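Structure record follows, encoded as structure tokens.
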Amino acid sequence: MTDLGLLNPPQREAAEQIEGPVLILAGAGSGKTRALTFRMAHMIDMGIPAWSILAITFTNKAAKEMRQRVDALCGGGADEAWVMTFHACCARILRRDIEKLGYKREFTIYDEDDKMVVIKRLIKELAINEKNYPPRSVRSVISDAKNRMLSPQEWLEENPDARSKPYYKLYEAYERTLKSNNALDFDDLLVKTLELLSQHPPVLESYQRKFKYIMVDEYQDTNAAQYQLVRLLSGENRNLCVVGDDDQSIYSWRGADIRNILSFENDFPGCKVIRLEENYRSTSTILDAANEVIAHNRARKAKRLWTKGEQGERLRFFRALDEREEAAYVAENIQSRIREGVSPGEIAVLYRTNAQSRVLEEALVRKGIRYGVYGGLKFYDRKEVKDAIAYLRLLVNPADDVSLRRIINEPRRAIGDSTVDTLEAYARQEGISLLNAALACDRVGLGARAVSAVKGFTNLITSLLMKMMELSPGDFMQALIDDTGLIRQYENSKEPEDESRVENLTELVSAVTEYDHQNPEAGILGFLENVALVTDTDRLEEKSEMVTLMTLHSAKGLEFEAVFLVGLEEGIFPITRALMEETQLEEERRLMYVGMTRAKKWLYLCCAKSRFLFNQRFDNPVSRFVSEIPRELISSGRQAAGPARLGVANANQRLGAKVVTPAGAMQRTGGGAKMPLEGIPGVSKGFGARPQAQRSALFHAGDRVRHRSFGYGTVTEVRQEGKLVVVDFGERFGLKVMAADTAPMTLAEE
DNA sequence: ATCTTACCGATTTTT
DNA sequence: TCGGTAAGAT
């Protein structure tokens, strides 16, 4: 029996309020997960069948944890409950009934790469100018439209200007393509589920009958489609409990709408509001600092976390000369914490962008500290793995033309672009899939060589299809990498990196075997779904021997004894793009708040005076977020530094201005080039070499110039005897200071 | 058909 | 620096 006496009064209230709508406003570290798990366990104790409970979490990892914790509390009765992310939940609903929408049960889930492939093809086909309509922006237009549940037509009505037409056409064609490929993208999982539920009342009613109780965690990060879904499913009984914290809403760029949580009370009148404001995680010093920072936001519900815990130590602030010194500082301090007895698993380094991880890794390696990086390059993103997966997808879903294109000539089997284009034309004319066109290649009008090459491919596919039915998933995966020759091409290769490709393919076989072992009913289809929906970050667990490196976004929901926030510079964090708009800046501040509140005992704030990133050197002022923390809560890091060193005074002066220093500074850090990890920082083959002969005299105030990256600009000022030039690149890039002799810039002819 | 080379452009966060 | 792509060479 679950002992609710272990909860504090509001937590207990949350656990006991089972009927009707409930809004739990749970501050960081307030035992939200605890309240939720106890609530669910309590429901099961009361005799509510687990299968009638739907619990939505933000990540798969959170889902797994929650299920385990509930099981532990009530002795393993949670199996039948649906505890999963929105996307996993939708995938499950659709696997059952998507045929009602004209798709086949074996639909493929396209990832971001697949989307881009489709979009790029369509841009070519529709003869749209890629410069004016870059694929990435097309992708975001489509994704935004879907998140707001707008059809192509509806989107066009909202955006009637002439520039929108190509977007509309692309969106429309994109939809058609995915449908004919029997594929859904991530957004579709939500949108198509909504379509299914709203167009087929019996299906909706069956789920409404099933799910008597619904819980949604991280409600502040739900988007319009997710909101609708929750509304539909909770139906008349309205036994809906949502949990969230408006101060931790950090996904608006993905369509999350903070208004969902702010207006819950209006949407579900009569709802019970419960506030969890007692923090059990951090020291009072850390909490005060975080409270002060977040108080600078205007768009928020007023609240203030408090703790009975001890005061703890002051925050440490350190401003390094460059990113290397910053990394060294982090590594040094991690090392001494570990020597004090802190477990490496209780230490995290958090950064704004994945690109910042490399220099940190180098520093940790040098100190011999074990670490794990989460996010960034994923196992299933590697080329060889994606190829193998593409074969699987095609075998499961023969309509998947994107996967077919990827592997029809991988490994090389002499099927070139022109052959595929011919097949494509035939397929279009006959209204069939590319695979079917390939099977009919006799009739397509190809040369004899091409026909035999294509036949080789289709024979391979047919024989694999037979094997797929006979063999276990694991054995089949092994057969696949052997029969296709995927692994052979790397085994015979001399390239050193191909060795790891072989390893990865072998690891993929183990992954399938392992998955099949744990999910005997799911089969290859289940495995593919798992690949699409489960990210590497979800597998962060039992790595207690390693220091964690991750982005601030992935750190949501986690906690560590010691946390290092690095790159606290204007332009990095807050990131340049957020400096313009108040709402975006507030989201960055929430991200800062999330980062700070991950720390239990020690919080380090780090930044660099000068940083090499994106192949450029930046001289950024200290992040404004640092100056929003009361001085008395901070002590400086390694070197003695008065408050002046905080650099607060100039924090706003040079807002966003990037300074590219002369070649000398670049050399000092070897131009940011990667050095051998175990090597000694000595001779590095910097690319900056020698400044060329006096180009300095080349530029004068008033000159029109053209820069490789920033385009045309006007020289506004020349400094230091012509060594530095200040150039105005207009609205998009603004003022830049660069070294006259190294900047990739020339005089522009008038 | 495939390999080689030379350019250009871009760089947030992720279910 | 990196990766993707377009044009040229074998």
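Remember, predicted model here, so these are calculated numbers, not experimental data. The chains referred to below are lettered A, B, ... by the order of the sequence lines, with proteins before strands, and numbering in each begins at 1.
- No contact: A/Lys556 has no heavy atom under 4.0 Å from any strand.
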Nucleotide N/O to protein N/O under 3.5 Å, stretch nucleotides 3-5 of chain B:
| unit_1 | atom_1 | unit_2 | atom_2 | d |
| --- | --- | --- | --- | --- |
| B/dC3 | OP2 | A/Arg412 | NH1 | 2.9 |

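- With a 3.5 Å limit on both pairing distances and Watson-Crick or G-U wobble geometry required, the stems of 3 or more pairs in DNA chain B span B:1-10 with C:1-10.
- In this structure, the nucleotide among B/dA1, B/dT12, B/dT14 sitting nearest to the side chain of A/Ala414 is B/dA1.
- Judged as a ring pair (Phe, Tyr, Trp, His ring centres under 6.0 Å), and not counting sequence neighbours, A/Tyr174 has no contacts.
- A/Phe86 comes within contact range of no nucleotide atom at all, as no heavy-atom separation falls under 4.0 Å.
- A cation-pi arrangement, defined by a distance under 6.0 Å to the six-membered ring centre and an angle within 45 degrees of its axis, is present between A/Arg254 and A/Tyr251.
- Listed pair A/Thr353 / B/dT11 fails the phosphate criterion, with no side-chain N or O lying under 4.0 Å from OP1 or OP2.
- For the 3.5 Å distance criterion, the side chains of A/Glu410 and A/Gln489 qualify, holding a donor opposite an acceptor.
- No contact: A/Arg449 has no heavy atom under 4.0 Å from any strand.
- Between A/Met596 atom CE and A/Leu605 atom CG the span is 6.0 Å, to the nearest 0.5 Å.
- One finds no side-chain N or O of A/Asn409 lying less than 4.0 angstrom from the OP1 or OP2 phosphate oxygen of B/dA1.
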Distances for protein N/O vs nucleotides 8-10 of chain C N/O pairs under 3.5 angstrom?
none

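- Residue pairs satisfying the ring pair (Phe, Tyr, Trp, His ring centres under 6.0 Å) criterion with at least one member in residues 563-585 of chain A, sequence neighbours excluded, are listed as follows: A/Phe564-A/Tyr604, A/Phe573-A/Phe625.
- In this structure, A/Asn519 places its CG atom where more than 12 heavy-atom neighbours from other residues, nucleotides or ligands lie under 6.0 Å away.
- Residue pairs meeting the salt bridge (Lys or Arg N to Asp or Glu O under 4.0 Å) criterion with at least one partner in residues 127-137 of chain A, sequence neighbours excluded, are absent.
- With A/Phe58 as the aromatic partner, A/Lys556 meets the cation-pi criteria of under 6.0 angstrom to the ring centre and within 45 degrees of the ring axis.
- Scanning both residues, A/Ile575 and A/Glu588, for their nearest heavy atoms gives N-OE1, 3.2 Å.
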